[in-house]
Amino acid sequence: MFIKNNKGQAFEAYQLLIAFIIATAILGIIVMMISKTNSQAIIISNQKIEDAFTSAINSPVISMEKPFVVKDVLITGILSYERYEQISGIEEGCFGFIVGPGVTLQPYGVIVDKKYLKTNVYFSCGLRNMSGLPDEIYPGVSGNRPFQDDPSRECERLFCVMYINKTPEVLN
């Protein structure tokens, strides 16, 4: 039964329409706030990742024994070899990715398969002629190995590996 105003017109439908419009506006504001929060979290995550990478570069022997970790970071989009080679100043081909589920290796780097991936990221760096490297770093015909050749022989000074959504063998 509709409620009628003084003129005999039903206005309950208009009240429902106004309530729907207000609810939609509130929902839109909430979705925008969540999106903005994720964008800020990605910026902060990128900074944390770059800081951990710098630490690993500055302590290569230590990072090979106990990789530097950044816990619960949000990553998205494409991560390129070139970007990390520029940050570190290491030569081309001396940076590699080892990835787990939700991340795909590409010739230019890696791509995150989801819109956002919350994961742990590990960094290991080594020096030229370093011995005792984990098996997962050595080149292979197939699998998820980051280098074409032995990085401890091919890289002039330093090489680094970034583990995304995968725990290094050393920590297992």
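These numbers were taken from a predicted model, which means no experiment stands behind them.
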How many angstroms lie between atom CG of Asn46 and atom CG of Leu74, to the nearest 0.5 angstrom? 9.5 Å
Same cluster or not: are Ile30 and Ile22 linked, directly or through other Ile, Leu, Val, Met, Phe, Trp or Tyr residues, by side-chain heavy atoms under 4.5 angstrom apart? yes
Would you kindly say whether Gln47 and Asp51 are connected by a side-chain donor-acceptor distance under 3.5 Å? yes
To the nearest 0.5 Å, tell me how far Ile44 CD1 sits from Ile49 CD1. 12.0 Å
Kindly compute the distance separating CD (Glu91) from CD (Glu85), expressed to the nearest 0.5 Å. 9.0 Å
Measure the shortest side-chain to side-chain distance between Phe97 and Tyr163 over non-hydrogen atoms and say whether it is less than 4.5 angstrom. no
List the atom of Phe68, the atom of Ser55, and the distance in Å for their closest heavy-atom pair. CE2-CB, 3.5 Å
Nearest 0.5 Å, what's the CZ-CZ distance between Phe95 and Arg83? 11.0 Å
Hey, is CD on Glu82 packed in by over 12 heavy atoms from elsewhere, all under 6.0 Å? no
Contact check, side chains of Asn120 and Val73, non-hydrogen atoms, under 4.5 Å: no
Are Ile34 and Ile26 co-members of a hydrophobic cluster defined by side-chain heavy atoms under 4.5 Å apart? yes
Is the ring pair Phe123/Tyr84 parallel, tilted or perpendicular, if the boundaries are 30 and 60 degrees? tilted
Heavy-atom side-chain proximity of Ile164 to Val110 below 4.5 angstrom: yes
Without swapping roles, check the side chain of Thr76 against the backbone of Lys115 for a donor-acceptor pair under 3.5 Å. yes
Taking C-beta and beyond as the side chain, do Thr119 and Ile75 meet within less than 4.5 Å on heavy atoms? yes
How about Ile57 and Cys160: do any of their side-chain heavy atoms sit closer than 4.5 Å? yes
Which distance, rounded to the nearest 0.5 Å, do you find between the CG of Leu158 and the SG of Cys94? 8.0 Å
A side-chain contact here means heavy atoms from C-beta on lying under 4.5 Å apart; do Phe53 and Ile87 qualify? yes
Counting heavy atoms not belonging to Ile62, are there more than 12 under 6.0 Å from its CD1? no
Quick one, Leu79 and Met162 - any side-chain contact, counting heavy atoms below 4.5 Å? yes
Exercise: identify the closest heavy-atom pair between Cys125 and Ala56: CB-O, 3.5 Å
Enter the distance from Asn165:CG to Lys118:NZ here, rounded to the nearest 0.5 Å. 12.5 Å
Taking every non-hydrogen atom, the tightest pair across Arg128 and Glu156: CD-O, 3.0 Å
Quick check: is Ile111 connected to Leu105 through a chain of hydrophobic side chains (ILVMFWY, heavy atoms under 4.5 Å apart)? no
Are any non-hydrogen side-chain atoms of Ile90 and Cys155 less than 4.5 angstrom apart? no
